[in-house]
Protein chains: 2
Amino acid sequence: MLSKKTKYAIKALVVLGKNADQPPMQISRIAEEERIPKKFLEQILLDLRNAGFLYSKKGAGGGYSLNKDPKEIFLVSIMRITDGPIAMVPCASLNFYHKCEECRQETTCGIRDVFVEVRDATLKILSETSIADIIARENTLINI
Amino acid sequence: MLSKKTKYAIKALVVLGKNADQPPMQISRIAEEERIPKKFLEQILLDLRNAGFLYSKKGAGGGYSLNKDPKEIFLVSIMRITDGPIAMVPCASLNFYHKCEECRQETTCGIRDVFVEVRDATLKILSETSIADIIARENTLINI
DNA sequence: TACATAGTATACGGAAGTAGTAGAATTTAT
DNA sequence: ATAAATTCTACTACTTCCGTATACTATGTA
């Protein structure tokens with residue numbers, strides 16, 4: 001399961017993506033529009049900022065805006081920051097690999113083999129879908 | 001992430017699948033062979049039994065054996081019993097659907113739309129892969 | 001300079017979930 | 001009867017998640 005943190009992070013990036021041509025947007029406004037607890041959102045935006053996705057400006061008239069083209073922000077990168085691994089078992093993770101303590105022979109583990117496949121399928125989607133894509137999807141969905 | 005419970009469940013079913021032609025296998029033996037804490041495994045096997053996947057026999061000479069053809073036990077069913085939903089967001093789940101409290105319009109949510117796609121890709125693999133397949137994969141992997 | 005605005009940073013706490021343990025009850029073969 | 005095995009309920013320790021609190025820092029404007 002995706003954590004709320006990750007879901008909120010994506011929502012915030014989507015809102016900021018729609019706001020791309022406007023001046024920086026305040027945390028409170030994002031929190032209100034997306035119904036995200038403000039103080040929780042603060043932490044999340046900070047993480048995204050420290051990871052280089054957001055630009056922030058302090059003080060009066062400050063706020064957050066995207067630091068990258070929405071086309072270049074992919075779900076997989078966000079999820080790795082906020083949730084960690086994409087794979088469902090640590091031994092099948094590319095970026096957060098961890099050996100299963102109880103496994104005798106990883107190389108011949110059929111379970112791992114299946115979950116590597118699942119990981120690849122998931123990864124394909126998440127690494128091809130950007131914030132811009134999500135915005136585009138929403139526009140399409142509205143017209144159905 | 002898959003819980004250890006689910007991973008242990010799959011491992012136990014695989015062992016029992018390999019043991020299919022033999023008399024029932026004791027919990028202690030499965031626990032030893034797969035290095036799973038015995039009392040924890042007890043609970044897991046009980047769940048699988050109550051879900052109809054296992055046959056159990058009490059008393060001397062008792063133990064567990066598969067109650068179905070290993071070809072008919074699919075990962076998706078095991079995971080739904082031990083871990084619950086397959087989807088990464090509750091609003092994209094088929095069997096454990098739950099509305100996101102903060103969402104205004106689910107039907108036009110781009111995030112949900114992407115994660116429905118991820119769910120379908122995952123589901124395709126997990127609902128096509130059986131215990132028999134995992135055993136077959138292991139045999140293939142050994143010969144590489 | 002004073003002040004309000006807005007992000008930065010760290011720490012804390014409740015709730016829920018995960019992993020595993022304990023112990024007694026029940027069933028069955030010998 | 002007895003020993004071997006599963007069944008069942010409850011409990012505990014640990015961790016993570018979600019959200020809150022509080023103090024601090026930077027910036028624009030009057």
Side-chain angles (χ1 to χ4, degrees), chain A residues 1-9 11-12 16 23-32 34-67 79 81-85 88-90 96 98 100-102, chain B residues 1-9 11-12 16 23-32 34-67 79 81-85 88-90 96 98 100-102:
Chain A
M1 276 278 174
L2 221 62
S3 66
K4 292 210 174 184
K5 185 174 180 179
T6 299
K7 196 169 57 166
Y8 293 162
K11 290 204 168 192
L16 289 168
M25 203 171 164
Q26 287 86 1
I27 297 178
S28 348
R29 218 182 111 206
I30 304 173
E32 259 175 57
E34 296 302 313
R35 297 177 177 177
I36 301 169
K38 191 193 160 195
K39 296 297 277 182
F40 193 24
L41 183 60
E42 273 186 20
Q43 292 181 348
I44 296 166
L45 294 179
L46 207 50
D47 285 349
L48 293 173
R49 189 203 98 102
N50 292 334
F53 291 104
L54 297 181
Y55 162 82
S56 69
K57 196 183 175 188
K58 287 186 178 182
Y64 278 100
S65 49
L66 292 187
N67 200 25
M79 289 175 61
I81 291 167
T82 50
D83 259 6
M88 297 182 95
V89 283
F96 298 84
H98 200 296
C100 302
E101 309 86 32
E102 83 281 4
Chain B
M1 276 280 176
L2 222 61
S3 66
K4 292 210 175 183
K5 185 173 181 180
T6 299
K7 195 168 57 165
Y8 292 162
K11 291 204 169 192
L16 288 168
M25 203 171 166
Q26 288 86 4
I27 297 179
S28 348
R29 220 181 109 209
I30 305 173
E32 259 176 56
E34 296 301 312
R35 297 179 177 175
I36 302 170
K38 192 194 159 195
K39 295 296 276 182
F40 193 22
L41 183 59
E42 267 185 36
Q43 293 181 347
I44 297 166
L45 294 178
L46 206 51
D47 285 349
L48 294 174
R49 190 202 98 101
N50 292 334
F53 292 103
L54 297 181
Y55 161 83
S56 70
K57 196 182 174 191
K58 285 186 177 182
Y64 279 99
S65 49
L66 292 188
N67 200 26
M79 289 175 60
I81 292 167
T82 51
D83 259 5
M88 298 181 93
V89 282
F96 298 85
H98 200 296
C100 302
E101 309 86 31
E102 82 281 4

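In what follows, every heavy atom counts, from backbone to side chain, and hydrogens, waters and symmetry copies are set aside. Throughout, a chain's letter reflects where its sequence line sits, starting with A, and its residues are numbered from 1.
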- Message: Whole angstroms only, please: what is the CZ-C1' distance between B:Arg35 and C:dG20?
- Response: 18 Å
- Task: Starting at atom CD of A:Glu102, determine the distance to atom P of C:dA19, rounded to an integer number of angstrom.
- Result: 11 Å
- Message: To the closest 0.5 Å, what do you measure between CG (A:Leu66) and CG (A:Leu48)?
- Response: 10.0 Å
- Who are the side-chain hydrogen bond (donor to acceptor under 3.5 Å, both in side chains) partners of A:Ser28, not counting sequence neighbours? none
- Take atom CD of B:Glu42 and atom C1' of C:dT27, then tell me their distance rounded to the nearest Å. 15 Å
- Tell me what B:Lys39 touches on the nucleic acid: a base, only sugar-phosphate, or nothing, going by heavy atoms under 4.0 Å. base
- Item | With sequence neighbours excluded, residues passing side-chain contact (heavy atoms from CB on, under 4.5 Å) with A:Met1 | B:Pro85, B:Pro90
- Message: Short of 4.0 Å, heavy atom to strand atom, which residues of residues 53-60 of chain A count as contacting DNA chain D?
- Response: A:Lys57, A:Lys58, A:Gly59, A:Ala60
- Task: May I ask you to say what A:Leu45 touches in the nucleic acid, namely base, sugar-phosphate or nothing, with a heavy-atom cut-off under 4.0 Å?
- Result: nothing
- Note on the structure: In whole angstroms, the gap separating C1' of C:dA15 from CZ of A:Phe40 amounts to 13 Å
Side chains of residues 36-47 of chain A: which donor-acceptor partners sit under 3.5 Å, not counting sequence neighbours?
{"from": "A:Asp47", "atom 1": "OD2", "to": "A:Lys5", "atom 2": "NZ", "distance (Å)": "3.0"}

- Heavy-atom closest pair (A:Tyr64 atom, A:Leu54 atom, distance to 0.1 Å) is CD2-CD1, 3.8 Å
- Query: Quick one: how far along DNA chain D does chain B reach, first to last nucleotide 5' to 3', anything under 4.0 Å to a heavy atom?
  - Reply: D:dA4 to D:dA10
- Item | Gap between atoms NZ and P, on B:Lys38 and C:dA22 respectively (whole Å) | 12 Å
Between the protein and nucleotides 10-12 of chain C, are there any N/O to N/O pairs under 3.5 Å, and if so, what are the atom names and distances?
{"from": "C:dA11", "atom 1": "N6", "to": "A:Gln43", "atom 2": "NE2", "distance (Å)": "3.0"}

- Task: Return the set of residues passing salt bridge (charged side-chain N to carboxylate O under 4.0 Å, His left out) with B:Arg35 (not counting sequence neighbours), or none when no residue passes.
- Result: none
- NZ of B:Lys5 versus P of C:dG17: gap in Å, rounded? 13 Å
- Item | Which atom of A:Leu16 lies closest to which atom of A:Ser65, heavy atoms considered | CD2-CA, 4.2 Å
- Note on the structure: So the salt bridge (charged side-chain N to carboxylate O under 4.0 Å, His left out) pairs with at least one residue in residues 48-63 of chain B (sequence neighbours excluded) are none
- Message: If you assign B:Leu41 and B:Asp83 each to the DNA chain C nucleotide with the nearest heavy atom, which residue ends up on the more 5' nucleotide?
- Response: B:Asp83
- Any side-chain heavy-atom pair of A:Glu101 and B:Lys4 under 4.5 Å: yes
- Message: Just N and O in the side chain of A:Arg49: are any of them under 4.0 Å from OP1 or OP2 of C:dG7?
- Response: no
- Note on the structure: Sequence neighbours excluded, the answer for side-chain contact (heavy atoms from CB on, under 4.5 Å) partners of A:Ala51 is A:Phe53, A:Ile81
- Message: Please report the distance, rounded to the nearest Å, between CD1 in B:Ile36 and C1' in C:dT18.
- Response: 16 Å
- Partner residues of B:Glu102 under the salt bridge (charged side-chain N to carboxylate O under 4.0 Å, His left out) criterion, sequence neighbours left out: A:Lys7, A:Lys11
